[in-house]
Amino acid sequence: MNFANLMDRTVPVVAELFATLASQDPLRMSFADIAGKTLYDIVEALRADGISQEAIAASLGLTMNGFRAKLKKLEDLYQGAEGAEGSRPKTLLERVYGHIADTAGGVTWAGLTRAFPTVREDTLRGIVHFLTRYELLG
């Protein structure tokens, strides 16, 4: 397993989680959605680094049947967000940043919500807040 490669894949997932948590009212947000997406992204990163399903299931404290059922449910929810590299799914944080960076002349809030119609507005707001707070966007 290549540790640097694993870090390159999991750090954006964790950054997206922190961005979402930082901008939300914890009493109103859907932790299940955040936890599910984070788990899916981490499992995909571990799989890409050649870690067996058995090892991943054991590290999560799940039986193989439980792991497969959970992963199937998460794949149905989150699959299809393939990045330009095609080999791994991009996080929402990466997709929003990429969209803004690739749009000539800047992006309006309305344009951003049209580009990501399935993303909740408060989640999108949290990601933009995170990107501007850490000076990744101006």
Side-chain angles (χ1 to χ4, degrees):
M1 175 171 73
N2 181 342
F3 184 74
N5 192 18
L6 179 63
M7 291 305 298
D8 287 343
R9 292 184 175 174
T10 57
V11 168
V13 172
V14 175
E16 181 178 336
L17 172 64
F18 288 151
T20 304
L21 291 173
S23 67
Q24 304 297 315
D25 176 1
L27 298 176
R28 296 179 56 194
M29 63 188 290
S30 174
F31 284 105
D33 290 341
I34 295 169
K37 178 66 170 130
T38 304
L39 177 63
Y40 176 74
D41 289 343
I42 289 173
V43 166
E44 288 300 307
L46 293 173
R47 281 175 152 177
D49 278 350
I51 298 174
S52 70
Q53 288 190 3
E54 292 81 8
I56 297 170
S59 69
L60 296 173
L62 296 170
T63 64
M64 278 308 296
N65 287 339
F67 175 74
R68 285 185 182 122
K70 185 171 211 58
L71 199 56
K72 173 69 173 129
K73 181 179 175 184
L74 293 173
E75 284 173 346
D76 290 345
L77 285 172
Y78 302 114
Q79 202 166 38
E82 287 297 317
E85 300 89 35
S87 62
R88 70 176 179 95
K90 279 190 171 184
T91 64
L92 182 59
L93 182 82
E94 291 172 303
R95 292 189 327 235
V96 170
Y97 179 79
H99 175 76
I100 293 170
D102 292 341
T103 304
V107 176
T108 64
W109 180 253
L112 198 57
T113 56
R114 277 192 307 274
F116 297 94
T118 60
V119 177
R120 290 179 22 186
E121 188 173 315
D122 53 349
T123 300
L124 197 56
R125 186 176 295 116
I127 288 170
V128 171
H129 175 75
F130 176 85
L131 291 170
T132 54
R133 181 175 181 185
Y134 291 98
E135 300 177 0
L136 298 169
L137 294 176

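In this text the structure is predicted, and so the values were computed from the model without any measurement. The first residue of the sequence shown is numbered 1, and numbering continues consecutively from there.
Between Asn65 and Arg68, some side-chain heavy-atom pair lies under the 4.5 Å cut-off. Using a 4.5 Å cut-off on side-chain heavy atoms (C-beta onward), Leu39 and Lys70 make contact.
Within the model, atoms CZ of Arg125 and OG1 of Thr123 stand 10.0 Å from one another, a figure rounded to the nearest 0.5 Å. Atom CD1 in Ile127 sits 12.0 Å away from atom OG1 in Thr132 (nearest 0.5 Å). Ile56 contributes atom CD1, which lies 11.0 Å from atom CG of Leu62 (distance to the nearest 0.5 angstrom).
Considering all non-hydrogen atoms of both residues, Val107 and Ile100 come closest at CG2-CA, 3.8 Å. Minimum heavy-atom separation, His99 to Gly111: NE2-O, 4.4 Å. Between Ala57 and Met64 the shortest heavy-atom distance is CB-SD, 3.8 Å. Smallest separation of non-hydrogen atoms from Thr113 and Ala110: OG1-O, 2.9 Å. Heavy atoms only, all atoms of each residue included: Glu121 and Trp109 are closest at CG-CZ2, 3.5 Å.
Atom OH of Tyr97 is surrounded by 12 or fewer heavy atoms from other residues, nucleotides or ligands within 6.0 Å.
Residues satisfying the side-chain hydrogen bond (donor to acceptor under 3.5 Å, both in side chains) test with Arg47, not counting sequence neighbours, are Glu44, Glu75.
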